[in-house]
Amino acid sequence: MEILNSLNEAQKQALLCTKGAVLVTAGAGSGKTKLLTHRIAYLIQHENVCEQNILAITFTNKAAKEMKERVSKLLGTPNRVWVSTFHSMCLKILRKHISKLGGYTSDFSIYSESDSEKTLKQVIKDLSLDMENYKHYAHVLSECQNQNIDIYSYAKNYLIEQEDLINVYETYQKTLEKNNALDFDNLLTKTYELFVTHKDVLQYYSNLFEYIFVDEFQDTNKIQYEIVKLLSKTHKNIFVVGDEDQCIYSWRGAQFKNIFDFKTDFAPVKMFKLEQNYRSTKNIVDKANKLIKNNEERYDKVLWTNNEDGKNVECNDYYDEQQEAESVATKIVKLIDIYGYKYSDMAILMRLNALSLPFEQKLLNYNIPYRIYGGFKFYERQEIKNLISYLRLFTNPNDDTALLRIINFPKRSIGDVAINKLREYSNSKNLSMLMGMVHLYNNSQDNNALYAKIKDFVSSYIKLKELYKNTKLNDFCEIVIEEFKIKNAYMEKSDENTDKLMNLDTFVNSVDQFVSNNDGATLNEFLESITLETDLDFMGTDDTVTISTIHSVKGLEFKVVFVVGLEEGLFPISRAFDSDKQIEEERRLMYVAMTRAQERLFLSYVNTRFLHGKRSFTTSSRFIEETGVNLPTKPKKYFESQYSYNNFGNNYKSSYDYNNIKQQTASTTTHNGYTMANNINKEDKPKKDTSVYKKGQMVNHPKFGKGTIIDIVDDGVCADIDFEKFGKKTLILEIAPLEIL
């Protein structure tokens, strides 16, 4: 049977168990996605299960897309299997049924984390509470929803000050309802509420999904677990795949004990283990096994592989973070130049995003392209959030949070006093702020002064609202930018504004791509797609080194991995020291980092680090010894002549000239999204000869395609290029990957 031919024995046994509850504990790199996709194809081809009666849930849009494509390839035709994330599945159900809950309509907005934060802070302000408690309130909100407990029970169980907390919780939820908006957690809780209070809806979906698959089961939280239990109650054919050794998200509600509870709640359960690793070399697998066996809360399994031994896992210690970053950068250059790796084959992984700066600086100095993940996301940039807020008002005119973001952007002389008056006016008419402004526009005599401030904005909104339904999505986006003069806010010449304008162009291009890939796509569908995207959905899309927190790369793999900052207090993080459970989670995080590597794995730590405003001596992480790697010999103390132990702290000497290594300071220039070092050391990386570029030349760019150089600017540093498909772009010649045609 063709579908079974490429599977190992353990995978075949799990696949052929087609009835009832099945739990597969799948080690890192053990082919769980292959098992999932082959089992789905098998059910369709050999068990005559209808495609739409299969639900497969995973944790990223990228994984869902890959899974659906692999099923289609196995079947030889596109399929109608429901493959999605939990949030996307719930969103799809709520778009159809949320009106049954009352207070919401199907065109509700989805609030990003920053929207939720802004809304919660406004609630705290309106209730005259201390803003210093914001983090506590935010934590409780998330905890209640992820763990599926009401605020009254939470307050009672934790014996905390109840009145303020309950006020904040209830007012926040009422504000979302008034705005016809849901935050990420609401997508789950409202779906659960819908199923519990409307048995007909639950029965429909429980009947529909004859087979349910859940990937990364160890990352499910309480509410997700409960939703799966409800959906599977009719047919009870549920197949979950997880690895308790890779549960690293307890801080956001994930409970790997769901794997253990599954055996009881879904009894009888058939259980299978996947222990053959297809990703990594024997040396990497061996070290990862030695590390994770120190955890007690896990099923007994040992990864093994038929892959080659590969290079030894290398561990290095350095004097400080600058020397560590310098060494990583030079290793990357060597791996590229001598061994033929690509930039996208490599990742620098760390416990905290705060450690990234030295690596950014050194990669810049060597002209090594990189992207940072686990930090600032494209759709969280201010100029992009502003544009998204404009667009949201056309799908949901009740969205006060979106309106407040852009009501005075670009500047319209609408300050806090005017906003408060508009809010009072709108409340008096029982309208959202935007609809209140429209009402005032039609009844100017109500407040002539306010009318004068808002008339141009409302006039533009009304005009575009008429165009909205009958205009192609990509064209409408450009009309919004033009009509509201959004680009005018960035016309003053500066590198920052140039970047912002390019980001707006990139956004418009993303709309174009979405429209071309989704015929008949609506604005709501586009906004959904970008709101639910994660860093993982963008990784691996270009040839750049990945700099990332470990949490952000789970599910990915790289040929070469550098795990840096391996010091006690950083990794494991100091707050875990008082809890065996938290240390075990830190160890699982280290295990995830190591098992991202396919061919080469480098571990490193430093002897001194500048952190929290001071320089301190450090000790190597316990995890290094637990892996069984050969610890490095201590370096010669050739630094003592340059660094005095008495000078640690603010007087720490910062020349960093490690045994005749030349200092390389990362003074940078940014143009159109490219960042370069101004003072690249020629001995390290020769500068590109930019004199070959001339006005009028035809060039090709791997991203923008063919174009013509229309001018050389900034004393020859940059060129204005008119690209056939993307229009005019200003690129830095020294680093832009241009080919002269």
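Predicted, not measured: the structure shown is a model, and the values here were computed from it. Just so you know, residue 1 is the first one in the sequence shown, and it goes up from there. Scope of the values below: all heavy atoms of this structure, side chains included, with no hydrogens, waters or symmetry mates.
- Judged purely by atom type and a 3.5 angstrom limit, Glu483 has no side-chain atom pairing as donor or acceptor with the backbone of Val480.
- A donor and an acceptor atom, one from each side chain of Asn365 and Gln361, are nowhere located under 3.5 Å apart.
- Tested against Ile348 for a side chain to side chain contact (heavy atoms under 4.5 Å, CB included), the candidates Ile372, Val561, Leu363 yield a single pass: Leu363.
- The aromatic rings of Phe526 and Phe507 sit perpendicular, their planes meeting at an angle over 60°, well past the 30° parallel limit.
- Between Asp107 atom CG and Asn180 atom CG the span is 5.5 Å, to the nearest 0.5 Å.
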**OP:** Let me see the working for Lys121 and Glu117 under salt bridge (charged side-chain N to carboxylate O under 4.0 Å, His left out), right down to the final yes or no.
**Re:** CA-CA 6 Å; Lys121 285 182 175 178; Glu117 178 181 337; 2.9 Å; yes

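- Sparse packing is recorded around CG of Asn430, with 12 or fewer heavy atoms of other residues, nucleotides or ligands lying under 6.0 Å away.
- Here the CG-CG distance, from Leu403 to Leu434, works out to 5.5 Å after rounding to the nearest 0.5 Å.
- Other residues, nucleotides and ligands contribute at most 12 non-hydrogen atoms within 6.0 Å of the NZ atom of Lys472.
- Between the side chains of Asn398 and Asn179, not a single donor N or O lies within less than 3.5 Å of an accepting N or O.
- To the nearest 0.5 Å, atoms CG (Leu141) and CG (Asn146) are separated by 10.5 Å.
- Between the side chains of Tyr111 and Thr401, at least one donor N or O lies within less than 3.5 Å of an accepting N or O.
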Original post:
Should Phe359 and Phe562 be marked as a ring pair (Phe, Tyr, Trp, His ring centres under 6.0 Å) after you check the CA-CA gap, both sets of side-chain angles, and the distance that decides it?
Top reply: CA-CA 11 Å; Phe359 298 96; Phe562 298 87; 8.7 Å; no

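- Aromatic ring orientation, Phe484 versus Phe457: tilted (interplanar angle from 30° to 60°).
- Around NZ of Lys385, the count of heavy atoms belonging to other residues, nucleotides or ligands within 6.0 Å exceeds 12.
- A donor-acceptor pair under 3.5 Å is absent between the side-chain atoms of Asp720 and the main chain of Ile710, judged by distance alone.
- Between Asp456 and Arg412 there is no salt bridge, since none of the side-chain N atoms of the basic residue sits less than 4.0 Å from a carboxylate O of the acidic one.
- Between the side chain of Ser426 and the main chain of Arg423, no donor-acceptor pair closer than 3.5 Å is present.
- Both cation-pi conditions hold for Arg95 and Phe108: the charged atom is under 6.0 angstrom from the six-membered ring centre and inside a 45 degree cone around its axis.
- His551 contributes a side-chain N or O that, together with a main-chain N or O of Ile248, makes up a donor-acceptor pair within less than 3.5 Å.
- Atom-to-atom distance recorded for Lys465:NZ and Lys469:NZ is 6.0 Å, nearest 0.5 angstrom.
- Each of Leu450, Ile454, Asn442, Leu431 was compared with Met437 under the side chain to side chain contact (heavy atoms under 4.5 Å, CB included) criterion, and only Ile454 meets it.
- Using modelled atom types, no side-chain atom of Glu466 and backbone atom of Lys463 make a donor-acceptor pair closer than 3.5 Å.
- Between atom CZ of residue Arg371 and atom CG of residue Asp543 there is a gap of 11.5 Å, rounded to the nearest 0.5 Å.
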**OP:** Begin from the C-alpha positions of Asp183 and Lys190 and carry the test salt bridge (charged side-chain N to carboxylate O under 4.0 Å, His left out) through to its verdict.
**Re:** CA-CA 10 Å; Asp183 63 22; Lys190 290 297 180 185; over 6 Å; no

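- Enclosure of atom CG in Asp126 by more than 12 non-hydrogen atoms of other residues, nucleotides or ligands within 6.0 angstrom is indicated.
- In this structure, Phe86 and Phe59 have perpendicular ring planes: the angle between them is above 60°, well past the 30° mark.
- Side-chain contact check for Ser548 and Thr546: no donor-acceptor pair (N or O, by modelled atom type) lies under 3.5 Å.
- Counting only N and O atoms by type, the side chains of Asp399 and Ser109 include a donor and acceptor under 3.5 Å apart.
- Enclosure of atom NZ in Lys342 is not indicated, since only 12 or fewer non-hydrogen atoms of other residues, nucleotides or ligands lie within 6.0 angstrom.
- Nearest heavy-atom pair across Ala63 and Thr60 is N-OG1, 2.9 Å.
- Under the 4.0 Å criterion applied to side-chain N and carboxylate O atoms, Asp115 and Arg392 are assigned as salt-bridge partners.
- Annotation: the span from Asn503 atom CG to Leu387 atom CG amounts to 11.0 Å, rounded to 0.5 Å.
- For the residue pair Gln145/Asn186, the side-chain donor-acceptor check at 3.5 Å is satisfied.
- Geometrically, Lys706 does not engage Phe723 in a cation-pi contact defined by less than 6.0 Å to the ring centre and at most 45° from the axis.
- Within a 6.0 Å sphere centred on CE of Met491, other residues, nucleotides and ligands contribute 12 heavy atoms or fewer.
- A tilted orientation is assigned to the rings of Phe394 and Tyr468, their planes being inclined by 30° to 60°.
- The environment of Glu482 atom CD is sparse: at most 12 non-hydrogen atoms of other residues, nucleotides or ligands sit within 6.0 angstrom.
- A salt bridge links Lys487 with Asp505; the closest basic N to acidic carboxylate O contact falls under 4.0 Å.
- Between the side chain of Thr531 and the backbone N or O of Leu527, at least one donor-acceptor pair lies under 3.5 Å.
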